[in-house]
Protein chains: 4
Amino acid sequence: MTTQTPRGDTRARILDVAMELFAEHGYEKTSLREIADRLGVTKAALYYHFRTKEDILAGIVDSMSAPIEDAIAWGEQQEYSPGLRDEIIRRFAEGMAGRQPLLRFFHENQPTIRELAVGSRFKERMMALTRLMQGPEPTFEDRVRAAISLMAINVTQFIAEACADDPASAAQLPDESERRDVALRVSLDIADRIGKPADGAQ
Amino acid sequence: MTTQTPRGDTRARILDVAMELFAEHGYEKTSLREIADRLGVTKAALYYHFRTKEDILAGIVDSMSAPIEDAIAWGEQQEYSPGLRDEIIRRFAEGMAGRQPLLRFFHENQPTIRELAVGSRFKERMMALTRLMQGPEPTFEDRVRAAISLMAINVTQFIAEACADDPASAAQLPDESERRDVALRVSLDIADRIGKPADGAQ
Amino acid sequence: MTTQTPRGDTRARILDVAMELFAEHGYEKTSLREIADRLGVTKAALYYHFRTKEDILAGIVDSMSAPIEDAIAWGEQQEYSPGLRDEIIRRFAEGMAGRQPLLRFFHENQPTIRELAVGSRFKERMMALTRLMQGPEPTFEDRVRAAISLMAINVTQFIAEACADDPASAAQLPDESERRDVALRVSLDIADRIGKPADGAQ
Amino acid sequence: MTTQTPRGDTRARILDVAMELFAEHGYEKTSLREIADRLGVTKAALYYHFRTKEDILAGIVDSMSAPIEDAIAWGEQQEYSPGLRDEIIRRFAEGMAGRQPLLRFFHENQPTIRELAVGSRFKERMMALTRLMQGPEPTFEDRVRAAISLMAINVTQFIAEACADDPASAAQLPDESERRDVALRVSLDIADRIGKPADGAQ
DNA sequence: GATGAATGAGAATTCATTCAT
DNA sequence: GATGAATGAATTCTCATTCAT
């Protein structure tokens with residue numbers, strides 16, 4: 001709907017390949033030559049589409065922001081309630097589904113993203129999301145639970161991958177969709193304690 | 001009386017400064033020149049103490065491993081029980097206390113650590129810890145809860161820092177020690193569900 | 001009309017200059033900076049045309065191999081005879097004529113060439129040539145004569161240069177073409193004894 | 001008889017090890033650290049015995065010069081004759097016997113030795129030797145034969161080594177002493193033509 | 001007779017970037 | 001829309017050398 005160049009889209013292919021490589025080796029260690037090579041074009045071609053390497057990064061980050069922004073926009077219209085909180089988690093999880101490379105990408109490039117302008121925008125969005133989940137007058141503990149709750153959605157994929165490498169746990173690894181259910185369950189559980197007084201768990 | 005290098009321990013000073021810089025800007029973006037400059041020595045001096053840049057990294061990682069290994073060694077002697085699980089979390093939290101730069105360092109350099117040999121050793125240790133927490137015949141969900149539970153210990157510090165930057169939440173930020181209590185509480189809460197059937201939270 | 005780089009062929013110019021410098025100071029002591037400076041380009045330009053310093057070396061070696069390979073290819077088609085032997089020497093001498101810098105280059109960089117992969121290819125070629133000169137069932141002595149016979153072609157140039165530096169012998173130094181005749185004569189003489197029994201010269 | 005430090009002689013051990021390594025990898029590519037490591041001492045220790053790396057080289061070259069100088073001294077006392085010529089070759093061959101590493105060393109480090117002061121001394125000696133072999137009023141061709149004749153002594157060892165690597169010729173490789181006989185025979189043969197008019201060999 | 005710590009100079013190599021075509 | 005050629009700045013790393021102890 002909002003694509004700029006419907007087809008034959010080199011620009012989009014660059015973003016795709018770049019994201020893959022940034023996710024695999026990190027932003028710093030990925031050179032423009034690698035991106036160009038994998039695309040079968042020259043480095044100079046990248047500069048036709050993006051002004052700098054950082055611009056490519058920004059392009060990727062932006063492409064991920066849409067679903068998060070949708071969730072925020074929706075959430076800001078609603079009155080706070082535990083149900084809202086859960087619904088935000090569900091929408092966030094849905095938005096992230098099928099974006100594993102992007103998730104990995106974010107997970108792996110935190111110092112870079114943070115230092116690179118594009119980072120503050122992204123951080124601001126994540127904080128906005130967690131604010132919506134915290135209700136009025138949250139304690140610090142509430143904030144922590146909200147943030148970890150969202151984190152659980154993303155991190156579950158990586159735990160699955162780590163298990164896959166481990167002979168002991170590799171056996172009964174659930175499939176993609178079951179994994180998402182687990183992530184959601186754990187995330188909701190964590191969020192469930194938000195706003196409740198500590199019940200002496202310690 | 002005041003020698004240029006207070007206590008001969010250049011090697012240790014290198015590790016310290018390197019960790020700080022790696023944590024701040026990431027491993028890749030930190031050059032040996034920066035490390036040397038901040039120490040007031042030449043680049044070549046670093047090479048007298050470490051064979052490669054990667055060796056410096058390994059040195060840092062190893063210095064963090066001791067407390068984790070202690071926790072593992074202890075845990076492997078015990079019979080499994082929920083109480084053991086909680087005790088492991090407590091020991092882990094205690095081991096991490098006061099090591100904020102190290103924590104940040106790990107959080108920020110995942111792709112590098114992973115690709116750099118030293119990574120697998122570290123990952124193996126973390127997985128051993130989570131295995132101890134899972135009890136016999138864990139489900140995938142149990143594994144996820146165990147992993148996120150440990151993660152909560154580390155991540156809480158960063159959430160605090162993020163809040164500090166945010167005018168809305170900066171006000172009532174708790175102090176270091178209270179933060180650790182929060183982290184522990186949240187972590188134990190998450191771990192509490194390990195081994196229990198899903199109670200229809202979703 | 002007078003562009004900075006007369007005939008676009010930077011790659012070839014690099015090979016030329018590199019060979020000259022390698023011949024003069026040796027491969028190890030010649031830095032890429034020297035090569036670049038003498039060409040009026042930057043070091044990085046060299047890397048546009050060659051992947052490594054070693055690749056430049058390989059390029060030079062390969063450029064010398066053609067005439068040798070021609071001689072081998074021709075020789076392998078022929079039946080062995082003393083006449084063949086002499087003809088191989090002549091073809092080799094002809095192939096080397098006018099390649100003094102290359103010859104010097106080889107003479108001076110033996111340890112490097114040997115250790116650098118490109119070396120075994122070259123050595124193999126020289127051995128193939130000597131094999132053609134040895135006839136069937138050669139003795140070790142035959143091999144030695146064959147090898148030294150070829151060596152004589154190359155080495156004569158350097159002896160001439162050494163004489164040039166020596167006041168006593170500098171006077172009646174022959175010119176380039178007469179030098180080649182001498183080399184050929186000596187070489188053929190040495191080869192002449194191949195296959196003949198020792199005549200009690202000792 | 002002329003050793004300076006009879007026993008426990010680090011200085012001599014340094015020369016030995018250095019020669020070996022220079023012969024194997026070349027002077028430039030051999031670092032003082034390698035030498036020190038193989039000796040089980042520190043780099044700094046080398047500096048106790050030699051002022052510079054170049055001094056180590058000079059030490060090696062000098063240690064080789066003695067037998068050559070003896071041959072020269074003896075030769076300069078004699079009247080020229082073909083018999084003298086042969087005797088010089090024999091003395092040179094004898095002097096070189098059992099010094100394979102040294103020979104290799106010289107063969108491999110020509111550009112360095114030439115550029116390093118020590119080089120001219122050595123070259124002068126070799127030229128003096130060849131002069132003694134040439135008789136009065138030598139032609140350029142005589143000089144070439146004389147030089148190659150000496151070269152044959154040294155080069156035979158390397159040809160043997162090359163054959164050893166070659167499956168086709170490795171079989172009937174003669175032993176050390178027989179190799180020396182071959183070298184001497186070939187050398188004398190080459191020298192035999194000195195002073196005689198070309199006999200239409202071409 | 002030797003070491004431990006450090007230096008200064010320089011090496012090869014990589015990279016983001018530019019620009020004429 | 002893209003390429004080929006090149007650059008400038010930086011990076012990791014190596015090395016001969018020095019010197020206080």
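So you know, we letter chains A, B, ... as the sequences are listed, proteins then strands, and number each from 1.
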Earlier contact from the 5' end, DNA chain E, for B:Val41 and C:Thr30: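 The answer here is B:Val41.
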
Any donor-acceptor N/O pair, D:Thr30 side chain to D:Leu21 backbone, under 3.5 Å: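 Yes, because the side chain of D:Thr30 sits within donor-acceptor range (under 3.5 Å) of the backbone of D:Leu21.
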
Spacing between [X] atom [atom1] and [N] atom [atom2], to the nearest angstrom:
{"X": "B:Glu54", "N": "F:dT11", "atom1": "CD", "atom2": "C1'", "answer": "15 Å"}
{"X": "B:Tyr27", "N": "F:dT11", "atom1": "OH", "atom2": "C1'", "answer": "12 Å"}
{"X": "C:Lys29", "N": "E:dA11", "atom1": "NZ", "atom2": "P", "answer": "11 Å"}
{"X": "B:Lys53", "N": "F:dT14", "atom1": "NZ", "atom2": "C1'", "answer": "17 Å"}
{"X": "B:Phe22", "N": "F:dT12", "atom1": "CZ", "atom2": "P", "answer": "9 Å"}
{"X": "D:Arg51", "N": "F:dC19", "atom1": "CZ", "atom2": "P", "answer": "13 Å"}
{"X": "A:Glu28", "N": "E:dT14", "atom1": "CD", "atom2": "P", "answer": "18 Å"}
{"X": "C:Tyr47", "N": "E:dA16", "atom1": "OH", "atom2": "P", "answer": "17 Å"}

Side-chain ion pair, B:Glu161 and B:Arg104, N-O less than 4.0 Å: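 Salt bridge flag = yes for B:Arg104 with B:Glu161.
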
Is [X] close enough to [N] that one of its side-chain N or O atoms is under 4.0 Å from OP1 or OP2 there?
{"X": "B:Tyr48", "N": "E:dA5", "answer": "yes"}
{"X": "C:Thr10", "N": "F:dA6", "answer": "yes"}
{"X": "A:His49", "N": "F:dA2", "answer": "yes"}
{"X": "B:Ser31", "N": "F:dT11", "answer": "yes"}
{"X": "A:Thr42", "N": "F:dA2", "answer": "no"}
{"X": "D:Arg33", "N": "F:dA16", "answer": "no"}

Mate of F:dT14 where both pairing distances stay under 3.5 Å, Watson-Crick or G-U: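 E:dA9 is the nucleotide pairing with F:dT14.
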
Pair partner, F:dG4 [Watson-Crick or wobble, under 3.5 Å]: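 The answer is E:dC19, by the H-bond criterion.
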
Check: A:Phe105 ring centre within less than 6.0 Å of A:Tyr27 ring centre: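 No, ring centres 6.0 Å or more apart.
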
Out of F:dA6, E:dT13, F:dT3, whichever nucleotide has its closest atom nearest the side chain of C:Ala45: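 Taking heavy atoms from C-beta onward, the closest nucleotide is F:dA6.
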
A:Ala44, nearest nucleotide to its side chain (from E:dC19, E:dT3, E:dA12):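 Nearest to the side-chain atoms of A:Ala44, counting from C-beta on, is E:dC19.
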
Heavy atoms of other groups near B:Arg121 CZ, more than 12 under 6.0 Å: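 Enclosed.
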
Flag side-chain contact, heavy atom, 4.5 Å: C:Phe106 against C:Val61: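 Counting from C-beta outward, C:Phe106 and C:Val61 do come under 4.5 Å.
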
Polar side-chain contact D:Lys43-F:dT17 base: donor and acceptor under 3.5 Å: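 Side chain to base: pair found, below 3.5 Å.
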
